[in-house]
Colleague: 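Please read through the structure below; I'll follow up with questions.
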Amino acid sequence: MIKIQEVSADIVWPIRHIVMYPNMAFGDIKLPEDVTGIHLALYVDDIPVSVLSLFEKDNELQFRKFATLVEYQQKGLGSQLLEYVIEYAKQHSYSKLWCNARQKVNGFYKRFGFVETDRTYVRFGLHFVVMELELDK
């Protein structure tokens, strides 16, 4: 059974650590903004397998640290979580949903209507592009 729900940051941190930053100290994967963020987890049979964190600013919603356990990737679970986030953003009347996407996976976000901006950067040797989705009112 699959379910998506709001969770505390301590649920997202282990998955964020394992998937995104396995070589960093656990404490270093936490964001200062995690205290005020909204954290979501997609569960498969009561096991959290895909997570992300939401942060609001100026009526825009950013999602960060989108991570799915490797053994659950390529099964459409991340897509389900992103669809949930898009609907959440619309229901809460945000004007825009955006993320800092790794350039090598920007095609994933384009499938959901996200558009690349001209804002790019490199961090930890990875190339990122800001991708945005304008939301209908």
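Counting begins at 1 with the first residue of the sequence. In this text the structure is predicted, and so the values were computed from the model without any measurement.
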Colleague: Sorted by first residue and then second, give each salt bridge (Lys or Arg N to Asp or Glu O under 4.0 Å) pair with at least one member in residues 25-34; sequence neighbours left out.
Modeller: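 Passing the test, one end in residues 25-34: Arg16-Asp34, Glu33-Arg64.
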Colleague: Quick one: closest heavy-atom pair of Thr117 and Val129, and the distance?
Modeller: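 The answer is O-CG2, 3.5 Å.
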Colleague: Heavy-atom distance under 4.5 Å between the side chains of Met131 and Asn106, does that happen here?
Modeller: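 Of all side-chain heavy-atom pairs linking Asn106 with Met131, at least one is under 4.5 Å.
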Colleague: Check whether any side-chain heavy atom of Leu97 lies under 4.5 Å from a side-chain heavy atom of Leu135, and answer yes or no.
Modeller: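 Heavy-atom side-chain distance check passes, below 4.5 Å.
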Colleague: Shortest non-hydrogen contact from Phe108 to Ser79?
Modeller: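 So the two residues come closest at CE1-OG, 3.4 Å.
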Colleague: Going by salt bridge (charged side-chain N to carboxylate O under 4.0 Å, His left out), name the residues that satisfy it together with Glu6, two or more places apart in sequence or in a different chain.
Modeller: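 If we apply the salt bridge (charged side-chain N to carboxylate O under 4.0 Å, His left out) test to Glu6, skipping adjacent residues, there are no hits.
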Colleague: Identify, with sequence neighbours excluded, every residue that meets salt bridge (charged side-chain N to carboxylate O under 4.0 Å, His left out) alongside Asp58.
Modeller: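 Checked Asp58 against salt bridge (charged side-chain N to carboxylate O under 4.0 Å, His left out); zero matches.
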Colleague: Just so I know, are the side chains of Lys3 and Asp46 near enough to count as touching, which here means a heavy-atom distance under 4.5 Å?
Modeller: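 In contact.
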Colleague: Applying a strict under-4.5 Å side-chain criterion to I, L, V, M, F, W and Y, I'd like to know whether Ile4 and Ile47 cluster together.
Modeller: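 The answer is yes; both residues are in one hydrophobic cluster.
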Colleague: Find out whether Glu132 and Arg119 are in side-chain contact, i.e. whether some heavy atom of one side chain is under 4.5 Å from a heavy atom of the other.
Modeller: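 The answer is yes, as the side chains (C-beta and beyond) meet within the 4.5 Å cut-off.
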Colleague: Do Val105 and Ile18 share a hydrophobic cluster (ILVMFWY, side-chain heavy atoms under 4.5 Å, transitive)?
Modeller: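 Cluster IDs for Val105 and Ile18 match.
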Colleague: Tracing side-chain links under 4.5 Å among I, L, V, M, F, W and Y, which residues wind up in one group with Leu126?
Modeller: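 Besides Leu126, the hydrophobic cluster comprises Tyr121, Phe128, listed by chain and residue number.
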Colleague: Mind listing the closest non-hydrogen atom pair of Phe112 and Ile86 along with its distance?
Modeller: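 Heavy atoms only, the tightest pair is CB-CD1, 3.9 Å.
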Colleague: I'd like to check Ser50 versus Tyr72 (side-chain heavy atoms, cut-off strictly below 4.5 Å). Are they in contact?
Modeller: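 Counting from C-beta outward, Ser50 and Tyr72 never come under 4.5 Å.
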Colleague: Please tell me if the side chains of Lys65 and Ile15 come closer than 4.5 Å, counting only heavy atoms from C-beta onward.
Modeller: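 No. Closest side-chain heavy atoms not under 4.5 Å.
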Colleague: Can any side-chain N or O of His17 pair as donor or acceptor with the backbone N or O of Trp13 at less than 3.5 Å?
Modeller: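 Answer holds: no.
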Colleague: Which heavy-atom pair separates Leu77 from Leu42 by the least distance, and what is that distance?
Modeller: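 Distance-wise, the nearest heavy atoms are O-CD1, 3.4 Å.
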Colleague: For Val7, check side-chain contact (heavy atoms from CB on, under 4.5 Å) against everything at least two apart and list the hits.
Modeller: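 Applying side-chain contact (heavy atoms from CB on, under 4.5 Å) to Val7 gives Gln5, Ile11, Val12, His39, Ala41, Tyr43.
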Colleague: Apart from Trp98 itself, which Ile, Leu, Val, Met, Phe, Trp or Tyr residues share its cluster (side-chain heavy atoms under 4.5 Å, direct or through members)?
Modeller: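 In the cluster with Trp98 are Val130.
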Colleague: Heavy atoms, side chains only, cut-off 4.5 Å: are Ile38 and Phe55 in contact?
Modeller: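 Side-chain contact under 4.5 Å: no.
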Colleague: Are any of the side-chain heavy atoms of Leu81 and Leu52 separated by less than 4.5 Å?
Modeller: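 Side-chain contact under 4.5 Å: yes.
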